> 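Dropping a structure here in structure tokens format, bear with me for questions.
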Amino acid sequence: MPDPWDWDTGKGRPSPASSFTSSGPLWPSENWDDIPPPPIEHLLEGWLARGSGGIMAGEGGTGKSLLGQLLCSCVALGRPFLGYETQCAPAAYITCEDDQHVLRIRQVAINQALGVKMADYGEFLTLWSLKGRIGNELGVFDETGRIEPTDLFHEISNLGSELTCLDNASHFFPGNENVRHEVATFCNMLDRLAMRNNGVVLLLAHTPKNGAEYSGSTGWDAHVRQRLYLSHANQDQDTRTLTRSKSNYSRRGETVTFRWYQGAFVRDADLPPETLKDLATTAKASAENAAFMRCLTVATEQSRAVSHNPGSNYAPKVFAAMPESKGFNQDEFKSAMERLLSLGSITLDQPLWRGPNRVMKQGIKATEICTDPPAQTPCTDLHETRGNAARFNPPYTTYNGAALEAAAPIHFDDDPDPFDLTPMSGGLGA
């Protein structure tokens, strides 16, 4: 019976020359005293070591998919990734979450941020959507607990990519995330993929609601040698922090902070000073607005009517003294109140509730937007609020109607139409 792990089992592009081989037992040698071992080689300086799998986890909506696609783009170009040097190498971003249209939207924004064109990638960047395809697991566990690789495992291995981002774990992992043996076996499977091309396999994963950095068994932490964590940096919804939570081959705990800007992630240091100043002003105003609405919600729940008229119940004065103010002062709340009035997010002198004497209390009330049904104010997305700038971010748009079979990967080269979505002949579709 043929070995199911035989690399020639796969379909698609030819296997690279650097095929994986088992080295066998390692015996100490006297030469170890005189010949220093070669250093650990990093595909991403200090962050991702070659020959090993890893995990990048984060809450939903932090932008793991965009960051993974940006990382693949930087490696394919040999460009720095958020200030860290990369080795130029073939890279593949493979997603079960988004269709090809979303991949294209993201790539246009990434290219604009990097200042490149599609032809600059040559054949080093592969974007592959498996959305809508049934059965995207990399392996199947049998009754004895052994895992057998699927055709998709071989298809991915035969891409020859030295960086492979898999989005995300819930689609590619075939087992129970709480069973340590199954988690360990799958992580070893990722290592095998990485070792085959002397590269890195980075698995994207969601975090649980309890705030932990990974979901399920502690095997997700114990059986990977490198783990990254993506989170919001502060009250500014556009800023993110990437933390090197675990690294067996470099120092752990290092962080890099960056922001979402025009559809891509960039560092503040890479933006023009005037742009950065405008963004800081906008972020401060957004934070003040959010604090005002947060305090208004709590005051309403506590039956504390607040007003725009100076007095004992003057909203900016009352809110500045509340724990929910998060340090904003009366003047900042006054500015926020004027902005929110202009935006239509709050309404003045509204009936709120009747007091003990049956007299109707009046005060500031949050405007109801996107009620269902009817909607008092037109809204393009019933799941977004008017003040949420994230709704203008195309990469997070959900598109329906994907086919039940995956298209072939998109390989960017010098073709006149690099975004032609017609499957390549002899491609890797299901």
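The chain is numbered in sequence order, starting from 1. Because the structure is predicted, anything quoted here is derived from the model rather than measured.
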> Less than 4.5 Å apart, side chain to side chain, heavy atoms only: is that true for Met118 and Val108?
no
> Given the rule in the side chain to side chain contact (heavy atoms under 4.5 Å, CB included) test, do Ser29 and Trp27 qualify, once you have shown the distances and angles that lead to the verdict?
CA-CA 6 Å; Ser29 168; Trp27 301 99; over 6 Å; no
> Nearest 0.5 angstrom please: Asn289 CG to Glu332 CD, how far?
11.5 Å
> Do the non-hydrogen side-chain atoms of Asn188 and Arg192 ever get within less than 4.5 Å of each other?
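Not in contact.
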> Identify which one of Asn168, Asp167, Leu130 satisfies the side-chain contact (heavy atoms from CB on, under 4.5 Å) criterion when paired with Cys96.
Leu130
> Salt bridge or not between Arg225 and Asp191? Use side-chain N to carboxylate O under 4.0 Å.
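The answer is no: the pair does not qualify as a salt bridge.
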> Looking at every heavy atom in both Leu77 and Cys88, which two are closest together, and how far apart are they?
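In this case the closest contact between Leu77 and Cys88 is C-SG, 4.0 Å.
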> For the pair Phe333 and Phe328, name the ring-plane relationship: parallel under 30°, tilted 30 to 60°, perpendicular over 60°.
perpendicular
> Would you mind reporting whether His42 and Gln87 have side-chain heavy atoms less than 4.5 Å apart?
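No - every pair of side-chain heavy atoms lies 4.5 Å or more apart.
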> Using a distance-only test with no angle check, is there a side-chain donor-acceptor pair under 3.5 angstrom linking Asn111 and Tyr121?
yes
> Ion pair present between Asp221 and Arg227, side-chain N to carboxylate O less than 4.0 angstrom?
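Salt bridge flag = yes for Arg227 with Asp221.
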> Using side chain to side chain contact (heavy atoms under 4.5 Å, CB included), reason through Thr257 and Arg240 one step at a time and then give a plain yes or no.
CA-CA 6 Å; Thr257 301; Arg240 309 286 193 276; over 6 Å; no
> Treating Ser345 as the side-chain partner and Leu341 as the backbone partner, does any N or O pair qualify as donor plus acceptor under 3.5 Å?
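A pair under 3.5 Å: no.
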> Please name the pair of heavy atoms, one in Leu193 and one in Ser157, separated by the smallest distance, quoted to 0.1 Å.
CD2-CB, 3.5 Å
> How long is the span from the CZ atom in Arg106 to the CG atom in Leu127, to the nearest 0.5 Å?
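One gets 9.5 Å once the value is rounded to the nearest 0.5 Å.
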> With distance as the sole criterion, is a donor-acceptor pair present between the side chains of Asp99 and Ser129 under 3.5 Å?
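Short answer, no.
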> Inspect the contact between Lys284 and Glu288 and indicate whether a charged nitrogen and a carboxylate oxygen are less than 4.0 angstrom apart.
yes
> Is the backbone N or O of Glu177 less than 3.5 Å from a side-chain atom of Arg180, with the two atoms forming a donor-acceptor pair by type?
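No.
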> Say whether, by atom type as modelled, one donor and one acceptor occur between the side chain of Lys246 and the main chain of Leu228 under 3.5 angstrom.
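Absent.
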> Is any side-chain heavy atom of Thr164 closer than 4.5 Å to a side-chain heavy atom of Leu159?
no
> How close do Cys74 and Leu114 get, heavy atom to heavy atom, and via which atoms?
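Taking every non-hydrogen atom into account, SG-CD2, 4.1 Å.
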> Name the orientation class of the two ring planes belonging to Trp220 and Phe186 (parallel below 30°, tilted from 30 to 60°, perpendicular beyond 60°).
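Ring orientation, 0 to 90° scale: perpendicular.
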> Tell me the closest heavy-atom pair linking Ser231 and Tyr229, and the distance in Å.
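Looks like CB-CE2, 3.7 Å.
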> Do the non-hydrogen side-chain atoms of Leu190 and Leu166 ever get within less than 4.5 Å of each other?
yes
> Run the salt-bridge test on Asp98 and Lys131 with the 4.0 Å N-O cut-off and return the result as yes or no.
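Between Lys131 and Asp98 there is no salt bridge, as every charged N stays at least 4.0 Å from the carboxylate O atoms.
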> Decide yes or no for Thr275 and Tyr261: does some side-chain heavy atom of the first lie under 4.5 Å from some side-chain heavy atom of the second?
yes
> For the backbone of His154 and the side chain of Asn158, can you confirm whether one donor and one acceptor N or O come within less than 3.5 Å of each other?
yes
> Search all heavy atoms of Phe265 against all heavy atoms of Leu82 and return the closest pair with its distance.
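Minimum heavy-atom contact is O-CD2, 4.3 Å.
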> For the atom pair CG (Leu203) and NZ (Lys64), what is the distance rounded to the nearest 0.5 Å?
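One finds 11.0 Å between CG of Leu203 and NZ of Lys64.
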> Does the pair Lys365 and Ile346 meet the rule for a side chain to side chain contact (heavy atoms under 4.5 Å, CB included), with working shown?
CA-CA 6 Å; Lys365 183 178 181 181; Ile346 59 175; over 6 Å; no
> Quick one: do Gln350 and Thr347 satisfy side chain to side chain contact (heavy atoms under 4.5 Å, CB included)? Show the steps, please.
CA-CA 7 Å; Gln350 294 297 300; Thr347 308; 3.1 Å; yes
> Less than 4.0 Å between a side-chain N and a carboxylate O, is that true for Lys117 and Asp120?
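Salt bridge flag = no for Lys117 with Asp120.
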> Rounded to the nearest 0.5 Å, how far apart are CD1 of Ile364 and SG of Cys295?
11.5 Å
> Within a strict 4.5 Å, meaning less than it, do heavy atoms of the Thr255 and Arg244 side chains meet?
no
> Using only atom types and a distance under 3.5 Å, with no angle test, would you say the side chain of Thr367 pairs donor to acceptor with the backbone of Gly344?
yes
> Between Asn176 and Asn178 (side chain of the first, backbone of the second, donor and acceptor by atom type, cut-off under 3.5 Å), is there such a pair?
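Present.
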> If we ignore hydrogens and angles and just use 3.5 Å, is the side chain of Thr62 paired with the main-chain N or O of Glu59 as donor and acceptor?
yes
> Verify, without hydrogens or angle tests, whether Thr86 (side chain) and Arg79 (backbone) share a donor-acceptor contact under 3.5 angstrom.
yes
> Within the 4.5 Å heavy-atom criterion, are Met189 and Pro149 side-chain neighbours or not?
yes
> What's the separation between atom SG in Cys72 and atom CZ in Phe81, rounded to the nearest 0.5 Å?
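Those atoms lie 9.5 Å apart.
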> Can you name the closest pair of heavy atoms from Leu340 and Phe292 and give their distance?
CD1-CD2, 3.4 Å
> How far does CG of Asp268 sit from CZ of Phe258, to the nearest 0.5 angstrom?
11.0 Å
> Side chain of Thr150, backbone of Glu137: donor and acceptor closer than 3.5 Å?
yes
> With a 3.5 Å distance limit and no angle check, can you tell me whether Gln262 reaches the backbone of Ala113 through a side-chain donor-acceptor pair?
no
> For the pair Arg50 and Glu41, find out whether any cationic side-chain nitrogen is under 4.0 Å from an anionic carboxylate oxygen.
yes
> Checking side-chain contact (heavy atoms from CB on, under 4.5 Å) against Tyr93, which of Leu103, Thr126, Leu71 comes through?
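Exactly one candidate clears the test, Leu103.
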> If you measure only the distance, is there a donor-acceptor pair under 3.5 Å linking the side chains of Glu254 and Tyr84?
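Yes.
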